[in-house]
K.L.:
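Take a look at the following structure, please.
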Amino acid sequence: QVQLVESGGGLVQAGASLGLSCVVSGRTFSHLMMGWFRQAPGREREFVAAISRNSLATYYADSVKGRFAVSGNDAKNTVYLQMSSLKFDDTAVYFCAGSGNLCSGYECFSSWREYDAWGQGTQVTVSS
């Protein structure tokens with residue numbers, strides 16, 4: 001069974017950078033598609049970024065494109081989300097998600113229904 005543990009959240013000022021980590025256990029990271037989602041109070045969970053098996057492709061929500069970067073480290077079985085130029089609207093609980101499904105295209109990777117393993121979430125707060 002896949003287990004995911006996020007870390008790296010915190011309180012930062014607008015314009016700052018912050019990196020999140022998600023350690024994968026129970027399965028080799030390179031055999032999974034991994035996604036980052038976020039949920040702000042009173043709002044629905046939304047897609048942030050995803051990385052395909054073997055890190056062959058990455059996908060981003062328009063709201064974070066050019067500011068966030070998703071990557072993986074096979075040796076550490078860890079996926080990362082590097083966030084820069086943070087905005088107040090980036091404030092949310094960020095969740096790491098994983099799946100052994102085979103996805104093709106943005107719509108699949110960005111759908112939370114495609115993921116069957118979730119971390120506990122880590123809070124990111126951006127002050128304006």
Side-chain angles (χ1 to χ4, degrees):
Q1 185 173 354
V2 177
Q3 292 186 325
L4 308 175
V5 178
E6 306 100 329
S7 62
L11 171 64
V12 296
Q13 291 187 332
S17 298
L18 193 64
L20 305 182
S21 299
C22 174
V23 177
V24 181
S25 61
R27 194 159 176 186
T28 302
F29 152 73
S30 60
H31 295 171
L32 301 170
M33 69 178 203
M34 301 295 299
W36 286 96
F37 291 78
R38 66 187 182 187
Q39 188 165 20
R43 299 183 65 176
E44 293 187 355
R45 178 171 28 187
E46 65 172 348
F47 170 74
V48 175
I51 187 166
S52 67
R53 291 184 178 194
N54 297 311
S55 302
L56 294 177
T58 56
Y59 300 87
Y60 297 94
D62 286 343
S63 59
V64 306
K65 199 172 294 184
R67 300 187 298 121
F68 289 14
V70 59
S71 63
N73 184 316
D74 290 351
K76 296 185 177 181
N77 227 33
T78 300
V79 62
Y80 304 96
L81 183 68
Q82 183 63 39
M83 306 181 290
S84 60
S85 302
L86 282 162
K87 305 175 181 179
F88 176 76
D89 288 346
D90 293 321
T91 297
V93 177
Y94 283 70
F95 297 91
C96 174
S99 174
N101 290 347
L102 287 175
C103 257
S104 178
Y106 179 88
E107 284 194 10
C108 186
F109 278 94
S110 63
S111 172
W112 63 266
R113 293 176 177 83
E114 294 291 336
Y115 298 85
D116 49 23
W118 291 83
Q120 81 286 354
T122 186
Q123 176 71 46
V124 173
T125 303
V126 184
S127 62
S128 58

K.L.:
Honestly curious: do Y106 and W112 fall in one hydrophobic cluster under the side-chain, below-4.5 Å linking rule?
P.N.:
yes
K.L.:
Does anything in residues 81-103 form a side-chain hydrogen bond (donor to acceptor under 3.5 Å, both in side chains)? List the pairs, not counting sequence neighbours.
P.N.:
R38-D90, R38-Y94, R67-D90, S99-N101, N101-E114
K.L.:
Tell me the closest heavy-atom pair linking A49 and Y60, and the distance in Å.
P.N.:
CB-CD2, 3.6 Å
K.L.:
The criterion is side-chain contact (heavy atoms from CB on, under 4.5 Å); which residues satisfy it with L56, sequence neighbours excluded?
P.N.:
S52, N54
K.L.:
Shortest non-hydrogen contact from F29 to G72?
P.N.:
CZ-CA, 3.5 Å
K.L.:
Under a 4.5 Å cut-off applied to non-hydrogen side-chain atoms, are T28 and N77 in contact?
P.N.:
yes
K.L.:
Where is the tightest heavy-atom contact between S71 and V79, given as atom of each residue plus distance?
P.N.:
O-CG2, 3.1 Å
K.L.:
Determine whether the aromatic ring centres of residues F37 and Y115 are separated by less than 6.0 angstrom.
P.N.:
yes
K.L.:
Is there a path of hydrophobic side-chain contacts, each under 4.5 Å between heavy atoms of I/L/V/M/F/W/Y residues, joining F47 to W118?
P.N.:
yes
K.L.:
Show every donor-acceptor pair shorter than 3.5 Å between a side-chain atom in residues 3-16 and any protein atom, with sequence neighbours excluded, or say none if there are none.
P.N.:
from : atom 1 : to   : atom 2 : distance (Å)
E6   : OE1    : Q120 : N      : 2.9
E6   : OE1    : Q120 : NE2    : 3.4
E6   : OE1    : G121 : N      : 2.9
E6   : OE2    : C96  : N      : 2.7
E6   : OE2    : G121 : N      : 3.2

K.L.:
Looking at every heavy atom in both Y80 and W36, which two are closest together, and how far apart are they?
P.N.:
O-NE1, 3.6 Å
K.L.:
Does the side chain of L102 come within less than 4.5 Å of R53's, by heavy atoms?
P.N.:
yes
K.L.:
Do side-chain atoms of Q39 reach the backbone of R43 as a donor and acceptor pair under 3.5 angstrom?
P.N.:
yes
K.L.:
Just wondering, do V24 and M34 contact through their side chains at under 4.5 Å, heavy atoms?
P.N.:
yes
K.L.:
Are I51 and L32 connected in a single hydrophobic cluster, I mean Ile/Leu/Val/Met/Phe/Trp/Tyr linked by side-chain heavy atoms less than 4.5 Å apart?
P.N.:
yes
K.L.:
When hydrophobic residues are tied together by side-chain contacts of less than 4.5 Å, even through go-betweens, does M33 share a cluster with V70?
P.N.:
no
K.L.:
Kindly determine whether F95 and C22 satisfy side chain to side chain contact (heavy atoms under 4.5 Å, CB included), including the steps that lead there.
P.N.:
CA-CA 9 Å; F95 297 91; C22 174; over 6 Å; no
K.L.:
Which atoms form the tightest heavy-atom contact between S21 and T78, and what is the distance?
P.N.:
CB-CG2, 4.2 Å
K.L.:
Of the non-hydrogen atoms in V124 and L20, which two are nearest, and what is the gap between them?
P.N.:
CG2-CD2, 4.0 Å
